[in-house]
Structure formats: structure tokens, C-alpha cells
2 protein chains.
Amino acid sequence: MGEHGSEHASSNTHGNGNGRREVTVSDVAAAARVSKATAARALGDYGAVSDSVRERVQRAAEELGYRANALARTMTTGRSNTIGIVVGDIENPFFAQATRGAADIADTAGFDLILSNSDEETESEAKAIGVQLAKRVDGLLVAPASSVDIRNLRTIVDAGRPLVLFDRVAEGIEADAVIAANRTGARKLTGLLTSAGHRRIAFISTLLHTDGYRSGEVLGSSSVAERVAGFTTTLAEAGIPRPEAWVRLNARADGVERAAVELITGPDAATAVVASDSRIALAVFRAARSVGLRIPEDLSLVAFDDADWTGLTTPSITVMSQPIHEIGAEAARLLVRRIRGDGGPFVTKVLDQRLIERESVAPPRL
Amino acid sequence: MGEHGSEHASSNTHGNGNGRREVTVSDVAAAARVSKATAARALGDYGAVSDSVRERVQRAAEELGYRANALARTMTTGRSNTIGIVVGDIENPFFAQATRGAADIADTAGFDLILSNSDEETESEAKAIGVQLAKRVDGLLVAPASSVDIRNLRTIVDAGRPLVLFDRVAEGIEADAVIAANRTGARKLTGLLTSAGHRRIAFISTLLHTDGYRSGEVLGSSSVAERVAGFTTTLAEAGIPRPEAWVRLNARADGVERAAVELITGPDAATAVVASDSRIALAVFRAARSVGLRIPEDLSLVAFDDADWTGLTTPSITVMSQPIHEIGAEAARLLVRRIRGDGGPFVTKVLDQRLIERESVAPPRL
DNA sequence: CTGAAAGCGCTAACAC
DNA sequence: GTGTTAGCGCTTTCAG
């Protein structure tokens, strides 16, 4: 292992504190015996420079180890070539995939990504957005912590930065959005269960929500709201009374597995569950096992998101697959277009979900 | 949906291209009837300002909607409060978790994260590092695409930026590192298999490597190298000839599942597999199923990383759990310390792995 | 095609 | 405590 910090004294006032002064255009210009402006033109690849001079400058830059200061460039051009992305939690496979989708498009278009986790809380979301705006990102991609409280989003729009929402929409904000057809997906998924004869079906989501869900209430996340709508509608159509009583939100605070156990045991136990994402499905699977319920004989289970392992369990799980990668990618595409100055009307792209029927659904026991 | 782009004409030369001029300290200073310096002191929370003036300035800032320009601040202070992180692929749960661990520490310390995917290729890694350096990140966290070719890492050190490696180390580079005790982990995992009586055991990794593995060869990733070392040593100790013949690298290019099928079928088929990560374990699981092999009766399987689903399959999978979150977090801690000027000798932190025995190991068939 | 000069928004020296 | 001035590294007029 080496030694560190011996040369910590700084000779220049500014700089990165490691004692080395960065090579600048001026340095390169001097070495190449041209003006700063000319060197900058050659280095920045803009304006007009004669081939001979360009070559001379580039050689000098090479020798001196010149590396452009993107910040200084941003100061004068106003473009940072950076976009901010705010997700609920990068550890959540949904966000990890969407982020990758966005990163690929961004990268191709020459943009870097500043990543922030909101933990689905508007407060930390506000902080993240504040910092990203301060860093003058060219635009933002956000999966809003709330579809209802749009103040954070308004901050972005007011700051004049292009904004594209993904996974969730928000009413009343001037922004594009990319979401999945959650209501339709929920209907299909739930329909599988009612068709099989289930009448006591629970919907489980980790969405934070005060108190229990009551019909007509506005939910914080539009995607969950859509799923709930599709779910309750399907139940109602099947003649099941009080569908909203089967909607279980807030499952995170209480522990998803525990919430699941409550729902699938007792006299009025659900005989089937719709899990709002793959992590919830996992918890339900575990819960069923812990209370000795077999899937699908004793409990049917369907879920959103085709996580790679859902095809591996015994039984494998029937899921509604979302084009997660594409959600992120398309959001990034829209954003890049806006940054480049596209002034068309705002659009909300709705991507289809795809049902993958596997083995986790069976008729209820009598 | 609203309308966009009607007001695209820009009145100022610079700016973000949306026609709005950002509010600056000067504006605030004028409004508060103080000098720019005083306003800046009040806004930036440094230097000395009287309470009355501070309040006046802050009110003015509020009214004008002032938002500090972090870039300009970086220009003069040399600190960007941003750290770069380069991972193989954010979609890989390992990197997603490590990134979250790093993000939490960074956030607490007041740093933002610029995220890049290298796809484990030194070329795109170089590009990512180049951009991050240009953006003057205060330091970098990187899971190097190569532990051998250290040119990209040298670029960082030469640029005078603190660097902390995670998951993999690299010889000859002045940087801290945080890794897991992979060799020991591999020994334990493999030992489980030899103890059960297996003699044809395959190790599968997606690490890119030209041609087959030969003993003593240097591998691109130090963590895989360590695992291979632990694996072959254990085989050798069990008296198994030519252990290196059982090391299968490059499994990505050929398709992991396909590689697995090749290894577990045929006359010389392996009776047990050590999967170098949870995604490989998943492919092996699938492969076994596709060729009609039961786990653990026909094939034993152990893997690195305690992915959440590994306890759910039938049978559940015996794994070597890594403190992934902590790897990222500790790396970030070390980096922040360096950025703050810690000049101690470079350290390599080695975190323990933990064996979780489940149901996927049994004696081989006769 | 090249150069000189101004300026992006901020902080750091240095006066007062 | 407060103001003045200079300057970070770059791009952009504007001249020539």
C-alpha cells in the first residue's frame, strides 16, 4: 500500500485541494503559440480553425494532459449535458431497470446522469430536486413521490427545466410522462382470479396512505391508483360487495410479510392476492409458506412485474410484465428531445403490459 | 395537456435556453441594498454577516426565487460536492445495492452521485471516467472493469482525484479499496460440496476471459480471481485432479444457461455447481430444470450473494452472503474521508462473507 | 481564419 | 461587518 497526503500543501488558492493546478486552455494556447480563443475553438471543436493550427493545439493539449473543464463550459453555454433522475429507491429492481434504460439513451445522446433516491417521500424528493437544479441539470426524469402534491414538480417547471415523469403521472403539471397501462393490467390480472372463482381477493401495495383505503379517495401514486381502480372495478363486476375493503395499502410500514399474513389467515381470509410488485409477491410467497398455505391450492397469487425469479419458484408465479427498461428509455428520449428544444404539446405515453400466465392461480378451496 | 415552446425566444445570450434569466447574487444584493459580497455571504452561509442584513438578504432571495448556482460555486471553490460512481451495470442487483449504500453515505455527507455503467468494458469505463473528471467530481468510486489493466484508474489518480475501489482491487494503484473475503468464501462454499462427496464440481462466472482458464493465469476481476483460487485450492485439497479444468469463465458471451447445460450434461457432467453470483445461480437453476435434473438429488448448487429469492425456490439455495450494502457504504465513507483531506496510508478493507446453508446441497448420485 | 476582450455567477482577498 | 476587486476556465461577440 502506498503513502498518501505527503504533498498536501496547496500552491494555488483555488483548485481541487490536491496541490496540482489543472491545465487550462490558456496553458495549451501558450504552448501552441496561439490565442486562447483559437485554442478553445480547436479544443472545443467549434468555430473555424485551420487544420494546421488545430493539429498544433491538439498536440500541445495532449502533451500537457489537458482535460476540459465541463463546469466552466456549462457556465458560459448554459448546457451541462447532465440530466437528473429521481427514483424511489435504486435498490428496487423496477427503478434499477428503468434507470438503466434511461442511462443508455442519455449516454448515447451525450448526457450524464445524477441519481437521487427519494424513498418515496416528498421531502427528500424536494431536497434532491433542489440540488439537481442547483447543479443546473439540463432536465429531469422523475418518478414522483406524489401524484397529488405537485409542488416539487412545479419547482422544476418554474425553474424552466424540462421534466419528464415516469411510472406515475401528475395532474396539472406541464410535463411529458411515460407510464404503463396499469388499469388494464390490473383488470386482466384480477379477472384471472375472479374467473377462477375467487371472491375474497386482496390487493397489496406498499404505497404510503393514511388510514385504510376508501372508495374514491385520491392516492399518492397514480400507478397504484390505476391498479386499485382496475382491481375494484373487476371485483364489482364480479358482484363482489365492497371491493375497496380488499385494498391493503401502507404495507411497508407494517412489514409486507406481516400484512400478508393478516390478510391470508383468519375467518375472512383472502383466497387470492394481487401483489402490486415483485417484492410484495415475494413477501406473500413467504407469508403463505410461514402459515402453511400452499400456492395455488390454498392461495392464488398474481403480481406485477416479471422479476427473473418469478418463473423459478414452485409454483411459478403468474405476472403482469411491464416494459420497465423501455419506460426509462422512452422517458429519457422525450427528455432529450425537450432539451434539444422540441416545443410540441406535452404527451403521456402509455406502454402496454403483458400477461404471463404461469402456475400460481387455481380455484379457491370450498 | 398543456402547450410548450411558445416562449422559446431567448433574450439573453447565455442561460439555459428557456428564455428565463436565472436570479443571481447580484440581483439579490441589489434588492436587499447590500453589496454582492455581503449578499453572497448571507446566502452561502460563510463569512460574517449581521443578523439584520442576513435576514434582509434572505427575504430578498426568497422573493426573487433565488437558487444558488452550484457550478459557479464549484468554479471558485474547487469543490463540486459530487462524487462519481462507476459500476458494471446498475441493473445487476449487486451494483444496485452497493450504489444505494454509497448514495446514503454520500447524501449524508452532502455529496451527489453521478452514475455510469461500464458494462465491465475498459473502453466505456474510460469514457465514463473521462466525463466525470471533466465534471470535476470530488472523487470516484469504481468497481474496476479490470484489476489488471489499471490505466483508467491511473487517469484518475494522475488527475489528483481521490479514488476508492469496491468489489475488486487493483495492484499498483494508489487507492483505498473495499472488498469481500472472496477466497475464504469460495473455500467454504466449495468445501460444502467436496464434503458431500462431489468430485466433479464446476465454477461458473460471467467474467470475460479469452480462451479457457489455465492455472496461474491472471484474471480481469480480482474478486473472481479470489473465488477461483479458493475453489481450485479446495478441489486440490480434496485430491481432485486438474481443478482448473472445472473453471468456466466467459459464460455471458455464450449465454449462462447454455453454458450451464453443457456443464451439467454429458458423460463427464458436473454433479455440483458453484455459481459466482445470484444471476448465474438463476440460470443454472433454469438449466437444471430444462434438462430434467433435480436439485439437489441430481445436481447440487451453491452460489454467491443472498438474493432475496434464493430462500424461496424449491429447494432453497445455499449461498455465501456478502454485505453488499456495506461494501458500497464503506467505500463511500473512505472516499469522503479522502476528499476531506485525510492523508493516511491507503487501506484495503476486507469484509466477511456469511454462509447461509439451505437445501440445495446433497451427496452426488452414484 | 485568428485575436482581444467581456462575461457566465460565484467566492476569496483585501481594504475600510 | 461590509464593500471592492479580481479571478475560476471557458465561450462568445466583435474586430481585423
Side-chain angles (χ1 to χ4, degrees), chain A residues 10-17 20-57 61 64-81 133-136 159, chain B residues 10-17 20-57 61 64-81 133-136 159:
Chain A
S10 187
S11 57
N12 64 324
T13 313
H14 302 301
N16 58 21
R20 217 165 330 225
R21 201 177 131 301
E22 311 271 351
V23 178
T24 72
V25 257
S26 285
D27 301 328
V28 176
R33 307 181 164 289
V34 293
S35 74
K36 219 172 62 165
T38 302
R41 284 191 266 256
L43 261 15
D45 208 37
Y46 60 93
V49 193
S50 70
D51 289 351
S52 65
V53 169
R54 165 174 296 112
E55 199 169 327
R56 194 142 46 92
V57 170
L64 296 178
Y66 170 78
R67 181 180 304 282
N69 183 330
L71 267 36
R73 192 168 280 170
T74 300
M75 286 288 304
T76 69
T77 63
R79 282 163 267 124
S80 65
N81 293 319
L133 252 21
K135 296 213 163 125
R136 297 301 189 259
Chain B
S10 188
S11 56
N12 63 326
T13 312
H14 302 299
N16 59 20
R20 219 165 329 226
R21 201 178 129 302
E22 311 271 351
V23 178
T24 73
V25 256
S26 285
D27 300 327
V28 177
R33 308 181 163 290
V34 292
S35 74
K36 221 172 59 164
T38 302
R41 284 191 266 256
L43 262 13
D45 207 37
Y46 63 93
V49 193
S50 69
D51 288 351
S52 65
V53 169
R54 165 173 295 110
E55 200 169 325
R56 193 142 47 92
V57 170
L64 296 178
Y66 170 78
R67 182 180 304 282
N69 183 330
L71 267 36
R73 192 168 280 170
T74 300
M75 286 288 305
T76 71
T77 62
R79 285 164 265 124
S80 65
N81 293 320
L133 288 177
K135 295 214 163 126
R136 297 302 189 258

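Lettering of chains follows the sequences in order, A, B, ..., and the numbering in each one begins at 1. In this text the structure is predicted, and so the values were computed from the model without any measurement.
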A.B. asks: From dC1(C), dA6(C), dA12(C), pick the nucleotide closest to the side chain of Ala48(A)?
C.D. replies: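 From the listed options, dC1(C) comes nearest.
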A.B. asks: Rounded to the nearest Å, what distance is computed from the CZ atom of residue Arg67(A) to the C1' atom of nucleotide dC10(D)?
C.D. replies: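 Arg67(A) atom CZ is separated from dC10(D) atom C1' by 16 Å.
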A.B. asks: When the distance from CD of Glu22(B) to P of dG9(C) is rounded to whole Å, what number comes out?
C.D. replies: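 Value for this atom pair: 8 Å.
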A.B. asks: Give the rounded distance in Å between these two atoms: CZ of Arg79(B) and P of dG9(C).
C.D. replies: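 Rounding to the nearest Å, CZ of Arg79(B) and P of dG9(C) are 21 Å apart.
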A.B. asks: Taking the side chain as every heavy atom from C-beta outward, state whether Arg136(A) and Met75(A) have any pair of such atoms under 4.5 Å apart.
C.D. replies: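 A side-chain contact is absent here, since even the closest heavy-atom pair is not under 4.5 Å.
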A.B. asks: Considering only side-chain heavy atoms of Ala40(B), which listed nucleotide, dG3(C), dG7(C), dT11(C), is closest?
C.D. replies: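 Nearest to the side-chain atoms of Ala40(B), counting from C-beta on, is dT11(C).
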A.B. asks: Could you point out which residue of Leu43(B), Val49(B), Val25(B) forms a side-chain contact (heavy atoms from CB on, under 4.5 Å) with Thr38(B)?
C.D. replies: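 Checked Leu43(B), Val49(B), Val25(B) against Thr38(B); only one passes side-chain contact (heavy atoms from CB on, under 4.5 Å): Val49(B).
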A.B. asks: So do the side chains of Val53(B) and Arg41(B) get within less than 4.5 Å of each other, counting heavy atoms only?
C.D. replies: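 Val53(B) vs Arg41(B): side chains apart.
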A.B. asks: Can you tell if the side chain of Arg54(A) reaches within under 4.5 Å of the side chain of Asp51(A), non-hydrogen atoms only?
C.D. replies: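 With C-beta onward as the side chain, the pair touches.
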A.B. asks: Would you say Ser35(B) places a side-chain N or O within less than 4.0 Å of OP1 or OP2 belonging to dG3(D)?
C.D. replies: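 Result: yes.
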A.B. asks: Of the options dC10(C), dG3(C), dG9(C), whose atoms approach the side-chain atoms of Thr38(A) most closely?
C.D. replies: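 Of dC10(C), dG3(C), dG9(C), dG3(C) is nearest to the side chain of Thr38(A).
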A.B. asks: On DNA chain D, check which nucleotide each of Ser50(B) and Ala72(B) is closest to and give me the residue with the more 5' one.
C.D. replies: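 The residue closer to the strand's 5' end, by nearest nucleotide, is Ser50(B).
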A.B. asks: Over the length of the helix from dC1(C)-dG16(D) to dC16(C)-dG1(D), how much do the five-pair end axes diverge, rounded to 10 degrees?
C.D. replies: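 That helix gives 30° between its end axes.
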A.B. asks: Taking CG from Asn69(B) and P from dC8(D), how many angstroms apart are they, rounded to a whole number?
C.D. replies: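 Going from CG in Asn69(B) over to P in dC8(D) covers 18 Å.
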A.B. asks: Keeping the roles fixed (side chain from Arg56(A), backbone from Ala32(A)), state whether a donor-acceptor pair exists under 3.5 Å.
C.D. replies: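 Pair found, side chain donor or acceptor close to backbone of Ala32(A).
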A.B. asks: Output the single nucleotide from dT4(D), dC10(C), dG3(C) whose closest atom is nearest the side chain of Val25(B).
C.D. replies: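 Looking only at heavy atoms from C-beta outward on Val25(B), the closest nucleotide is dC10(C).
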A.B. asks: Compare side-chain N and O positions of Tyr66(B) against OP1 and OP2 of dC10(C) and report whether any pair is under 4.0 Å apart.
C.D. replies: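 So the side chain of Tyr66(B) is within the cut-off, an N or O lying under 4.0 Å from OP1 or OP2 of dC10(C).
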A.B. asks: Could you give the NZ-to-P distance, from Lys36(A) to dG7(D), as a whole number of Å?
C.D. replies: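 Rounded to the whole Å, the gap is 12 Å.
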A.B. asks: Has Ser80(B) got a side-chain atom pairing as donor or acceptor with Thr74(B)'s backbone, closer than 3.5 angstrom?
C.D. replies: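 Flag not set: sc Ser80(B) to bb Thr74(B) has no pair under 3.5 Å.
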A.B. asks: Atom CG of Asp45(B) to atom C1' of dC10(C): distance rounded to whole Å?
C.D. replies: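 Whole-Å distance recorded here is 15 Å.
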A.B. asks: When the distance from CZ of Arg21(A) to C1' of dC10(D) is rounded to whole Å, what number comes out?
C.D. replies: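 For the pair Arg21(A) CZ and dC10(D) C1', the rounded distance is 14 Å.
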A.B. asks: Whether the side chain of Arg41(B) and the base of dG3(D) hold a donor-acceptor pair under 3.5 Å is what I'd like checked.
C.D. replies: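 Side chain to base: pair found, below 3.5 Å.
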A.B. asks: Between Thr76(B) and dG7(D), is there a contact of a side-chain N or O with OP1 or OP2 at under 4.0 Å?
C.D. replies: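 No, Thr76(B) has no side-chain N/O under 4.0 Å of OP1/OP2 on dG7(D).
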A.B. asks: Would you say dT11(D) has OP1 or OP2 under 4.0 Å from some side-chain N or O of Thr77(A)?
C.D. replies: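 No, outside the criterion.
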A.B. asks: Can you identify which nucleotide, out of dG3(C), dC10(D), dC8(C), has its nearest atom closest to the Met75(A) side chain?
C.D. replies: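 The nucleotide sitting nearest to the side chain is dC8(C).
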